[in-house]
Participant: 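After the structure tokens below, expect a handful of questions from me.
Computed from a predicted structure; not experimentally measured.
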Amino acid sequence: MLAIIEFSPSHDECLWSWKCLAEQTGFQVLYFVHPSIAKRASLILPGAQVFPLELPEKASGRFHFLLQLKKQLKSLGIRKVLFNTATGSLVRDFLLIAGKRFQFTGVLHNAEKLKGSFSQAAISHWVRHYIVLSDHVKEHVKKSTNVKLEAIYPVYFPDNLTRFPKSEKGFRVVIPGQLELARRDYPALIKSLSSIMLPEDFKLVFLGK
């Protein structure tokens, strides 16, 4: 079995892809996710086994929470863990508590963290295999790290999600991630599109909030 862990309320647009890929190789997938993601599970993870994480409200409860998570994974017979977001102090601290009990893989949504983050260096002591979300990112960072990198495009989504019909000559550009002007240059995208001839049935589809 494979446990997919997401401590944060973000990056749920990737979760279904890992299930599709894991099940192709015979793995049963269990999700351990932030409560806000668990509330959307019937829509974004239909039919999947989803365990809401009872995240500690205070820092003093962190050790107990992570220790209980380790015990839960162990009791379910899980040996492989995929962090849907392999950054942050909760991931780091869980790795320190879990030790060598599990085989870890992590998804990096910001691969630049491999280049100088002390916390990420601690995580990389346990997570020796990372997934990045494009070939371009993989090529950009692979020369500055000795960890194993794999590039995968998380483009799988449940059939029950909204469909955007198009004509035979129509065209769709699908953009993952929540809308964040501070991190994504949407005006530049619109400007570049305005300079070319687009199909009559053309749409940009933003997947995030």
Participant: K142 and L149: which non-hydrogen atoms are nearest, and at how many Å?
Facilitator: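 In this case the closest contact between K142 and L149 is CA-CD1, 3.7 Å.
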Participant: How many angstroms lie between CG in D185 and CG in L189, if you round to the nearest 0.5 Å?
Facilitator: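 Nearest 0.5 Å value for the CG-CG distance: 8.5 Å.
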Participant: Can you give me the closest heavy-atom contact between E6 and T85, atom names plus distance?
Facilitator: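 The answer is OE1-OG1, 2.6 Å.
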Participant: Nearest heavy-atom pair of V50 and A41: which atoms, and what distance?
Facilitator: CG2-CB, 3.9 Å
Participant: Restricting to non-hydrogen atoms, name the atom on P9 and the atom on R40 that form the minimum distance, rounded to 0.1 Å.
Facilitator: O-NH2, 3.7 Å
Participant: What about Y186 and F206, are their ring centers closer than 6.0 Å?
Facilitator: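 Yes, ring centres under 6.0 Å apart.
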Participant: Just say parallel, tilted or perpendicular for the rings of F94 and F83, cut-offs at 30° and 60°.
Facilitator: perpendicular
Participant: Taking all atoms of both residues into account, what is the closest heavy-atom pair of V81 and I78, and its distance?
Facilitator: CG2-CG2, 4.4 Å
Participant: Take S144 and L114 through the test side-chain contact (heavy atoms from CB on, under 4.5 Å) and record every step on the way to the result.
Facilitator: CA-CA 8 Å; S144 59; L114 290 174; 5.6 Å; no
Participant: Distance check, rounded to the nearest 0.5 Å: K39 atom NZ versus H34 atom NE2?
Facilitator: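 K39 atom NZ to H34 atom NE2 measures 9.0 Å (nearest 0.5 Å).
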Participant: Grab the two heavy atoms, one from A38 and one from V33, that are nearest each other, plus how far apart they are.
Facilitator: N-CG2, 3.7 Å
Participant: Sequence neighbours left out, cut at 3.5 Å: what donor-acceptor pairs do the side chains of residues 21-28 make with other protein atoms?
Facilitator:
unit_1: E23; atom_1: OE1; unit_2: K19; atom_2: NZ; d: 3.3
unit_1: E23; atom_1: OE2; unit_2: K19; atom_2: NZ; d: 2.9
unit_1: T25; atom_1: OG1; unit_2: A22; atom_2: O; d: 2.8
unit_1: Q28; atom_1: NE2; unit_2: Q49; atom_2: OE1; d: 2.7

Participant: Return the SG to OH distance between C14 and Y153, rounded to the nearest 0.5 Å.
Facilitator: 13.0 Å
Participant: Testing V127, I4, L133, L15 one by one against V107 for a side-chain contact (heavy atoms from CB on, under 4.5 Å), which residue passes?
Facilitator: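 Testing each of V127, I4, L133, L15 against V107, the sole residue satisfying side-chain contact (heavy atoms from CB on, under 4.5 Å) is L133.
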Participant: Tell me which donor-acceptor pairs under 3.5 Å the side chains of residues 95-106 have, and how far apart each pair is, sequence neighbours excluded?
Facilitator:
unit_1: Q103; atom_1: OE1; unit_2: K80; atom_2: NZ; d: 2.6

Participant: Quick one: CG on N84 to OG on S8, what's the gap to the nearest 0.5 Å?
Facilitator: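 One finds 7.5 Å between CG of N84 and OG of S8.
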Participant: Please round to the nearest 0.5 Å and tell me the distance separating atom CD of Q120 and atom NZ of K115.
Facilitator: 13.5 Å
Participant: Please lay out, stage by stage, how R62 and S89 fare under the test side-chain contact (heavy atoms from CB on, under 4.5 Å).
Facilitator: CA-CA 10 Å; R62 174 175 292 210; S89 59; 3.0 Å; yes
Participant: Please verify the inter-ring angle class for F7 with F65; under 30° counts as parallel, over 60° as perpendicular, anything in between as tilted.
Facilitator: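 If you compare the ring of F7 with that of F65, the planes turn out perpendicular.
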Participant: Look up atom CZ in R92 and atom NE2 in H125, then write down how far apart they are to the nearest 0.5 Å.
Facilitator: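 Here the interatomic distance stands at 14.0 Å.
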Participant: Would you say that more than 12 heavy atoms from the other residues, nucleotides or ligands in this model lie under 6.0 Å from the CZ of F202, or not?
Facilitator: yes
